[in-house]
Q: 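I am attaching a structure below and will ask some questions about it afterwards.
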Amino acid sequence: MKGPEPTTGPLGEVTCVAADTFCVSGSSGQIRRGSEQGLFIRDTRILSLLLLRINGTEVQPLLGQRVGASAACFTGYWTAADDREPDPKLLVRRRRLVSTSMWEEVQLTNYGMHPFDLAVQLEVASDFAYIFDVKHGRHAPQATVEATDGGLRLRQPDGDYLTIIRPSPPAEEMDIENGALRWNVHLPDRAQWSLTLTIGASMGDKTIWPSGTWTGVMNVARAAPRPELPLEVRCSDERFSDLCMQAATDLESLRVPDPQQPSDSYFAAGSPWFLTLFGRDSIWAAMMALPMGVQQAGQTLRVLARRQGVKVDAETEEEPGKILHEARHGGHVERSDLPPLYYGSIDSTPLWIVLLHEAWRWGLDADEVRELLPAAERALGWLRDYSDADGDGFLEYLRTGQRSLRNQGWKDSEDGVQFADGRLAEPPIALCEVQGYACDAALRGAELLERFDRPGADEWRAWAHRLRDRFRESFWVRSPSGDYPAIAIDGEKRRVDSVASNMGHLPTTGLVDEEESALIARRLGMPDMNSGWGLRTLSNHSPRFNPLSYHGGSIWPHDTAIAAWNLAATGHFEPATDLMRGLVAAAPHFRFRLPELFGGEQRDPLSLPLPYPAACRPQAWAAGASLLLLRAALGLHPRVPDGVVELRPIWPPPYHTLQVSELRIGSGRLAAEISAERGVVIHDAPPGLEIKVVGAPHAEG
């Protein structure tokens, strides 16, 4: 019997993602039992063990890292027990590629002067565990093992899931009891031997294999090691350039076709736990990704409109006109923590309207917008008729289903909304940023109705103005360190007075005026909120503050970027620049793939950003955060229907030079440069659009 297998922590893990398929392993390439590692398809782990041994021992790892979003390369060496020379002779490379399922290549190269006789063994297993069983450490029965065509089938006990492993060359020996494949390899000096695994799955009536061919994909990869991206960013601080390029790659890897209409796609929220459709996350990610093209926003809007609520259902919290919170698919959906199609989100619906209007401003085709206007009117109707649980004039949530979320804004953990003294707020809860989204949605909805000759524009402008007046009366907290909006109003109409990052979402929504925006900017810039790496979700003066609390002191890149964007757009350049630079400084410590969240400890000369143990990486709105920072730096505000693109950049600029090209606006592209010496220089502009530069010197390129 073997002893316990070593495990690797989050920092040593390598994740490859392609749409709704992902693989997590250690930096050695090994996938080990008893961990969160594995190959997952549609929220089901189809492979929970993939362990390589040579002559009974594991390879010594040298290097393991991603190559793009969906591939990884692992390099190590193997040394014979009686070899006393310091230099490794047998180099072992593993190359992994995730598509609809997975390929793996194992390559042995003998750089020594003598041959090796090697017993190469691969151990495989599956538990077909549901993603949240994996997350919570719940164990599932191990699959039974069968031989097939020189490979193995792993079959779910009493179920219809199957994992098929086909090696090339076929295995020479198979240990069915222990799920092992073996090859006896005589490797002459200076020679090479390789093995390719094709790993697929049968899930019910559907068989899933990796798309394309291993040889074809590898040839493409050799010819073009870096995929062509729809955006190019060059900055005097190369960390910002690398962050934006990684973001574009990660967003592409998270693009998932809509099973109801595969020509439309959406950004899945994040790997591993949320690789599915989320209303709020997919909307924000599509909004952040607008510089990569407006088409993704249009597709996301349609994907969500297809699932827009049509009836009142207390268990799923569906209501007419409401945009969903989350959709789960796969064979385990009934075991989900939430209903498979769940609508418990207070902010998805107003954000959907905001995205529709923003996409229209960025050049979404008028016919596409027109087709979505009935869904927009239904969403506005939900704001008016269903969003106010107790009739106080604010959008608020109150859980109605047995499996519903207690908190239904983006801070949806149990302790996500708390008073300054640490008490938890009781529902119904009206969040401050949600009132901002609603005001913004009403004003934007009014403009769409007016511009497309539909009734109701005046009604929604009046609705937004009334909401703004109520907010001013009810939410503001008076404080010696500066007034600020409470995070929420609770069920007893008390201000939930903790200092939280939610207020950073407000300045551009129309809910607050210039003076109030200045108060928000001042409060967010204080050291208890700005950690130096980014914006804390909760002030470190709070009695419940914990830098590794999910929503109670951690840093979420998307939250920091939204605040920086709002502050820059309202002219508060200094705190916006501080937040931007902090997040960019954190990026290299995560290899430029910003995680869902990380620790909110204070930055100092000897500190590093602290990883959060279960954070998703890649995560859609964490990736999109850098693109929103780019927009903030440029001050980019397209109004394609009016024939205008405004640039109101942060000035003085946060970086000495910042260049962008291939930035998509409507059917055209923008290339521009911002430098401390020359100001804004336009090198290329979308045809038919006037470029207006505001608040900075400028010249034609």
Side-chain angles (χ1 to χ4, degrees), residues 1-2 4-8 13-14 16 21-26 28-41 44-59 64 72 74 76 92-108 118-129 134 139-157 159 161-185 194-203 207-210 214:
M1 295 291 290
K2 305 181 187 72
E5 294 173 345
T7 61
T8 57
E13 289 182 345
V14 176
C16 303
T21 301
F22 67 94
C23 181
V24 183
S25 74
S28 64
Q30 307 278 48
I31 297 173
R32 303 183 186 276
R33 296 187 216 253
S35 69
E36 296 172 351
Q37 298 173 1
L39 172 62
F40 295 78
I41 301 176
T44 299
R45 181 160 62 185
I46 71 160
L47 196 69
S48 56
L49 177 72
L50 182 61
L51 200 65
L52 172 67
R53 298 183 195 272
I54 298 176
N55 288 1
T57 62
E58 293 192 36
V59 172
F74 308 93
V92 181
R93 288 190 177 92
R94 297 170 74 167
R95 293 188 292 180
R96 176 173 298 155
L97 180 65
V98 169
S99 61
T100 45
S101 189
M102 192 172 89
W103 286 287
E104 178 127 349
E105 181 185 60
V106 178
Q107 188 181 82
L108 311 182
L118 306 171
V120 178
Q121 176 172 296
L122 276 169
E123 299 170 35
V124 297
S126 179
D127 55 6
F128 300 105
V134 176
H139 299 289
Q142 291 297 306
T144 58
V145 184
E146 306 167 353
T148 175
D149 301 326
L152 293 175
R153 278 198 301 252
L154 310 174
R155 188 179 296 277
Q156 182 185 30
Y161 282 60
L162 197 67
T163 299
I164 306 105
I165 300 172
R166 292 181 180 168
S168 179
E172 299 169 3
E173 301 175 17
M174 284 182 277
D175 181 348
I176 302 301
E177 182 178 354
N178 295 305
L181 302 168
R182 297 194 183 111
W183 295 261
N184 296 308
V185 178
S194 63
L195 159 71
T196 301
L197 298 176
T198 305
I199 304 170
S202 177
M203 309 175 78
T207 301
I208 303 170
W209 288 102
W214 169 259

Q: Can you tell if the side chain of T163 reaches within under 4.5 Å of the side chain of F128, non-hydrogen atoms only?
A: yes
Q: With sequence neighbours left out, write down each residue that passes side-chain contact (heavy atoms from CB on, under 4.5 Å) with D175, or none if nothing qualifies.
A: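 D175 satisfies side-chain contact (heavy atoms from CB on, under 4.5 Å) with E177, N178, A180, R182 only.
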Q: Quick one: CZ on F22 to CZ on R45, what's the gap to the nearest 0.5 Å?
A: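 Atom-to-atom, F22:CZ and R45:CZ are 9.5 Å apart.
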Q: Can you sort out the partners of R155 under salt bridge (charged side-chain N to carboxylate O under 4.0 Å, His left out), two or more places apart, ordered by chain and number?
A: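 Applying salt bridge (charged side-chain N to carboxylate O under 4.0 Å, His left out) to R155 gives E146.
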Q: Report the C-alpha separation of I31 and V24 in whole Å, then their side-chain angles, then the decisive distance to 0.1 Å, and conclude whether the side-chain contact (heavy atoms from CB on, under 4.5 Å) test is met.
A: CA-CA 7 Å; I31 297 173; V24 183; over 6 Å; no
Q: Rounded to the nearest 0.5 Å, what separates atom CZ in R96 from atom OG in S25?
A: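 So the CZ of R96 and the OG of S25 are separated by 4.0 Å.
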Q: Applying side-chain contact (heavy atoms from CB on, under 4.5 Å), run through L47 and C23 and close with a yes or a no.
A: CA-CA 9 Å; L47 196 69; C23 181; over 6 Å; no
Q: Determine the minimum heavy-atom distance between S99 and P210, stating which atoms define it.
A: OG-CA, 3.2 Å
Q: Going from CD1 on I54 to CD on Q121, what distance comes out if it is rounded to the nearest 0.5 angstrom?
A: 11.0 Å
Q: Measuring only between side-chain heavy atoms, which start at C-beta, is L50 closer than 4.5 Å to I165?
A: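 Answer no - side chains too far apart.
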Q: Looking at every heavy atom in both A72 and V14, which two are closest together, and how far apart are they?
A: CB-CG1, 3.8 Å
Q: Taking ring pair (Phe, Tyr, Trp, His ring centres under 6.0 Å) as the definition, give me every residue that meets it alongside F74, ordered by chain and number, with sequence neighbours left out.
A: none
Q: Could you list the residues that satisfy side-chain contact (heavy atoms from CB on, under 4.5 Å) with Q142, not counting sequence neighbours?
A: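 Expected list: R33, S48, A125, D127.
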Q: Apply side-chain contact (heavy atoms from CB on, under 4.5 Å) to T57 and list each qualifying residue two or more places apart in sequence or on a separate chain.
A: W78
Q: Mind checking side-chain contact (heavy atoms from CB on, under 4.5 Å) for T21 and listing every partner two or more places apart, or none if nothing turns up?
A: L39, I41, V98
Q: Hey, are the side chains of V124 and L49 touching, using non-hydrogen atoms and a 4.5 Å cut-off?
A: no
Q: Between Q30 and R53, is there a side-chain donor-acceptor contact under 3.5 Å, judged purely by atom types and distance?
A: no
Q: Could I get the full list of salt bridge (charged side-chain N to carboxylate O under 4.0 Å, His left out) partners for D149, not counting sequence neighbours?
A: none
Q: List the atom pairs, with distances to 0.1 Å, where a side-chain N or O of residues 166-174 and a protein N or O form a donor-acceptor pair under 3.5 Å, not counting sequence neighbours.
A:
| residue | atom | partner | partner atom | Å |
| --- | --- | --- | --- | --- |
| E172 | OE1 | N184 | N | 2.9 |
| E173 | OE2 | N184 | ND2 | 3.0 |

Q: Could you walk me through whether M203 and I208 pass the side-chain contact (heavy atoms from CB on, under 4.5 Å) check?
A: CA-CA 8 Å; M203 309 175 78; I208 303 170; 3.6 Å; yes
Q: Under 3.5 Å, side chain of S126 to main-chain N/O of A143, donor-acceptor pair present?
A: no
Q: Just how far is it from atom OH of Y161 to atom CD1 of I46, taken to the nearest 0.5 Å?
A: 10.5 Å
Q: Which atom pair, heavy atoms only, marks the closest approach of A129 to V134?
A: CB-CG2, 3.7 Å
Q: Could you tell me if the side chain of I176 sits less than 4.5 Å from the side chain of L152, heavy atoms only?
A: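 Yes; the side chains approach each other to less than 4.5 Å.
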Q: Going through the checks in order, is the side-chain contact (heavy atoms from CB on, under 4.5 Å) test met by S35 and E13?
A: CA-CA 11 Å; S35 69; E13 289 182 345; 5.6 Å; no
Q: Taking side chain as C-beta onward, heavy atoms only, is L122 less than 4.5 Å from L195?
A: yes
Q: Output the distance between atom CD1 (I199) and atom CD1 (I164), rounded to the nearest 0.5 Å.
A: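 One gets 11.0 Å once the value is rounded to the nearest 0.5 Å.
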